[in-house]
Engineer: 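Handing you this structure, nothing more for now.
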Amino acid sequence: MARHLITSALPYINGIKHLGNMVGSMLPADVYSRYLRQRGHDVLYICATDEHGTPAELAAKEQGLPVAEFCAQAHDAQKAVYDGFALAFDYFGRSSSPENRDITQHFARKLNENGFIEERAIRQVYSPTDGRFLPDRYVEGTCPHCGYDKARGDQCENCTRVLDPTDLIDPRSAISGSTDLEVRETKHLFLLQSKLQHEVEAWVSRHEADWPQLASSIARKWLTEGLHDRAITRDLDWGVPVPADTWPELAAEGKVFYVWFDAPIEYIGATKEWADQDPENRDWKSWWYEADDTVRYTEFMAKDNVPFHTVMFPATELGVREPWKKVDYVKAFNWLTYYGGKFSTSQKRGVFTDQALDILPADYWRYFLIANAPESDDSSFTWEHFTATVNKDLADTLGNFVNRVLSFSRKRFGDDVPAGGEPGEAETRLGEEIARLLAEYESQMEALQFRKAAAALRALWSAGNSYLEEKAPWLEIKTDKDGAALTLRTAMNLIHLYSVVSEPFIPATAATMRAAFTLSDDTAAWVTEAEAKSLAAVPAGTPFTVPPVLFAKLTDEDLETYKERFGGSPE
């Protein structure tokens, strides 16, 4: 089987992420990883917190903590939420790790040796009060376009206009609040992306036909506009330091690498972190170095991250002139909105992942988000849509089926799977339909079409309900007890099949369904076409239990409670 390397865009360290962040990278990567593992592939799913940059320092300052301590606490808090969502990372690292520092510095040295880094003098805002140059986000003031008085020097969050610190009205230091600011000359390292333009274009041309249109169009737009040389260092206290053996003057000034230079390298760094935990049995380089023919690499991200992963990071890897693995497939997502408006971490608009888990278990959210993933266009989260999806798909179609079958069988036949007669025409038709729908589900998962995969999974669940309505064992038992037993035994085998194939979407519920049957050797990782047709994995006489209600139906009162707490609009 193939070796699959999977990464999702690194969640930034400054706070718990919202549902849009979850569905835009980590959750679909987890669903895909789980599916591939079940199909027998060798999978390594890597992620990490992105911990460097100005926002990390500002967030630490707001909490009155040293930035290293803040990042350590925030990493643990984020990891706890992802554990709550049952994200099965092979490793969830930290971009502030020694491994990432060493590899980032190695990349910088090699780029410099190959003529792709240049030291340049630029003019930058300086605060005499703070005794330091201020990165763009350390300068705050009033936006000249909309009048928002908390605009930052790189962008106004209110009107989204891109800014320069000198554009701000009444600019001030975000550290001290001082308005005594000057513009002084300072030196920084620039990555000469312009010299790598043609190589990046050639690389993108070899891959873009296979990527989703969203990813390829964004990459092509950036290349058409032309790659510009980009500053890859900053004046910050927190970050990967510029190595003194190569740039002693800049190192003495305390320069660190720009977060967008070191963050993608952390995919490699986190893999080494994973390997360093068990070096005798884990080889990180086999996943990243000279691995083009042995590893398929898939990245998951929202559309705002696409330029960095399809243009900037590949430019870095190409410029190093070493055989580092580059992405094969970029799965890009549009936005999940909240009632049509943007989720916002800074303005606390929308539902955040920790809040979601406070309301309902993870499987409710996992299924809804993937079934409505913003793949072809933006999709909108509303409480009305969420409630309707939970009630129809999870509570009625799946949960009610499981409860009806197991409760009725226990009531009429006891605690063991009933025997009944031999499968007949209805069971043959059902088996053919289940095999067809399973093949559709597999096809959509292989193509990373998550909404279509969810629709195929839902159709599998619906097929069981249709069979149950057709056979009506509650009526059948009055005239044909063996026939009713056969119907229930077949339906129980459907439940077991659902427990296997639903695991990528709703892992906790899948485990509950599977545990309902006391099978002596239940090691099935997936369901073959022949097994889908025969529906015989759970033989007669197998003890079973009736699990608690899998999914509670949400009421109108629940809906009003959610809307009152979070608002029924983005404002």
Engineer: What I want to check is whether the side chains of E384 and Y339 have a donor and an acceptor closer together than 3.5 Å.
Structural biologist: yes
Engineer: Salt bridge or not for R366 and D30, using N-O below 4.0 Å?
Structural biologist: yes
Engineer: Sub-3.5 Å donor-acceptor pair from the side chain of N493 to the main-chain atoms of V538, do we have one?
Structural biologist: yes
Engineer: Just checking, any donor-acceptor pair under 3.5 angstrom between side chains of S96 and E51?
Structural biologist: yes
Engineer: Answer yes or no: are there more than 12 heavy-atom neighbours, outside K481 itself, under 6.0 Å from its atom NZ?
Structural biologist: no
Engineer: Heavy-atom distance under 4.5 Å between the side chains of L554 and L360, does that happen here?
Structural biologist: yes
Engineer: Could you tell me whether the side chains of D378 and T337 share a donor-acceptor contact shorter than 3.5 Å?
Structural biologist: no
Engineer: Could you tell me whether E266 and R94 make a salt bridge, using a distance below 4.0 angstrom between a side-chain N and a carboxylate O?
Structural biologist: no
Engineer: Identify whether the distance between the nearest side-chain nitrogen and carboxylate oxygen of E299 and K331 falls below 4.0 Å.
Structural biologist: no
Engineer: Do the side chain of N305 and the main chain of A9 share a donor and acceptor less than 3.5 angstrom apart?
Structural biologist: no
Engineer: Could you tell me how the ring of F517 sits relative to the ring of F544: parallel (under 30°), tilted (30 to 60°) or perpendicular (over 60°)?
Structural biologist: tilted
Engineer: Between S217 and L214 (side chain of the first, backbone of the second, donor and acceptor by atom type, cut-off under 3.5 Å), is there such a pair?
Structural biologist: yes
Engineer: Would you check if L550 and L394 make a side-chain contact, meaning some heavy-atom pair closer than 4.5 Å?
Structural biologist: no
Engineer: If you count the non-hydrogen atoms of other residues, nucleotides and ligands that lie under 6.0 Å from CZ in R412, is the total more than 12?
Structural biologist: no
Engineer: Under 6.0 Å from the CG atom of D556, do we count more than 12 heavy atoms belonging to anything else shown?
Structural biologist: no
Engineer: Is any side-chain heavy atom of M301 closer than 4.5 Å to a side-chain heavy atom of H309?
Structural biologist: yes
Engineer: May I ask you to test the M445-R39 pair for a side-chain heavy-atom distance under 4.5 Å?
Structural biologist: no
Engineer: Do D154 and R137 meet the salt-bridge criterion of a basic N to acidic O distance under 4.0 Å?
Structural biologist: yes
Engineer: Look only at the side chain of N372 and the backbone of F368, and say whether a donor-acceptor pair between them is shorter than 3.5 Å.
Structural biologist: yes
Engineer: Does any donor atom in the side chain of R458 or Y367 lie under 3.5 Å from an acceptor atom in the other side chain?
Structural biologist: yes
Engineer: Establish, from distance only, whether the side-chain atoms of T49 and Y12 form a donor-acceptor pair under 3.5 Å.
Structural biologist: no
Engineer: Between E440 and A455 (side chain of the first, backbone of the second, donor and acceptor by atom type, cut-off under 3.5 Å), is there such a pair?
Structural biologist: no
Engineer: Salt-bridged, D90 to R37, with N to O below 4.0 Å?
Structural biologist: yes
Engineer: Between V295 and D328, is any pair of side-chain heavy atoms under 4.5 Å apart?
Structural biologist: no
Engineer: So that I can tick it off, tell me whether R429 and E425 are bridged by a salt bridge, with the cut-off set at under 4.0 angstrom between side-chain N and carboxylate O.
Structural biologist: yes
Engineer: What I want to find out is whether K303 reaches E375 closely enough, with some N-O distance under 4.0 Å, to be called a salt bridge.
Structural biologist: no
Engineer: Do the charged groups of K533 and E529 touch, with an N to O distance under 4.0 Å?
Structural biologist: yes
Engineer: Just by modelled atom types, is the V43 backbone N or O under 3.5 Å from a matching donor or acceptor in the H41 side chain?
Structural biologist: no
Engineer: Assess the side chains of E427 and Y467: does a donor N or O sit below 3.5 Å from an acceptor N or O?
Structural biologist: yes
Engineer: Kindly say whether the aromatic ring centers of F308 and F313 come within a distance under 6.0 Å.
Structural biologist: no
Engineer: Heavy-atom count around Q277 CD within 6.0 Å, excluding the residue itself: above 12?
Structural biologist: yes
Engineer: Decide ring-ring contact (aromatic ring centres under 6.0 Å, His included) for F386 and W365; before the verdict, give the C-alpha distance in whole Å, the side-chain angles of both, and the deciding distance to 0.1 Å.
Structural biologist: CA-CA 9 Å; F386 176 74; W365 301 103; 4.4 Å; yes
Engineer: May I ask you to decide if W461's main-chain N or O and N465's side chain share a donor-acceptor pair within less than 3.5 Å?
Structural biologist: yes
Engineer: Would W383 and F381 satisfy ring-ring contact (aromatic ring centres under 6.0 Å, His included), going step by step from the backbone distance to the final call?
Structural biologist: CA-CA 7 Å; W383 287 109; F381 177 90; 5.0 Å; yes
Engineer: Please tell me if the side chains of D50 and I13 come closer than 4.5 Å, counting only heavy atoms from C-beta onward.
Structural biologist: no
Engineer: Do the side chain of E503 and the main chain of A511 share a donor and acceptor less than 3.5 angstrom apart?
Structural biologist: no
Engineer: Are the side chains of T298 and L448 in touch, meaning some heavy atoms are under 4.5 Å apart?
Structural biologist: yes
Engineer: Could you tell me whether a side-chain N or O of S216 sits under 3.5 Å from a main-chain N or O of Q213, the two making a donor and an acceptor?
Structural biologist: yes
Engineer: Does Y35 form a ring-ring contact (aromatic ring centres under 6.0 Å, His included) with H4? I'd like the steps, not just the answer.
Structural biologist: CA-CA 11 Å; Y35 171 77; H4 286 268; 9.7 Å; no
Engineer: May I ask you to say whether K553 pairs ionically with D396, meaning some side-chain N is under 4.0 Å from a carboxylate O?
Structural biologist: yes
Engineer: Side-chain contact, heavy-atom cut-off 4.5 Å: Y329 with H207?
Structural biologist: no
Engineer: Measure the acute angle between the ring planes of W526 and Y441, then classify it against the limits of 30° and 60° as parallel, tilted or perpendicular.
Structural biologist: parallel
Engineer: Which atoms form the tightest heavy-atom contact between F70 and N14, and what is the distance?
Structural biologist: CZ-CA, 4.2 Å
Engineer: If only side-chain N and O atoms count, and only distance matters, is there a donor-acceptor pair under 3.5 Å linking Y82 with T353?
Structural biologist: no
Engineer: On the six-membered ring of Y338, is K342 placed so that its NZ or CZ lies under 6.0 angstrom from the centre and within 45° of the ring axis?
Structural biologist: no
Engineer: Looking at R451 and A373, would you say the former's side chain and the latter's main chain have a donor-acceptor pair under 3.5 Å?
Structural biologist: yes
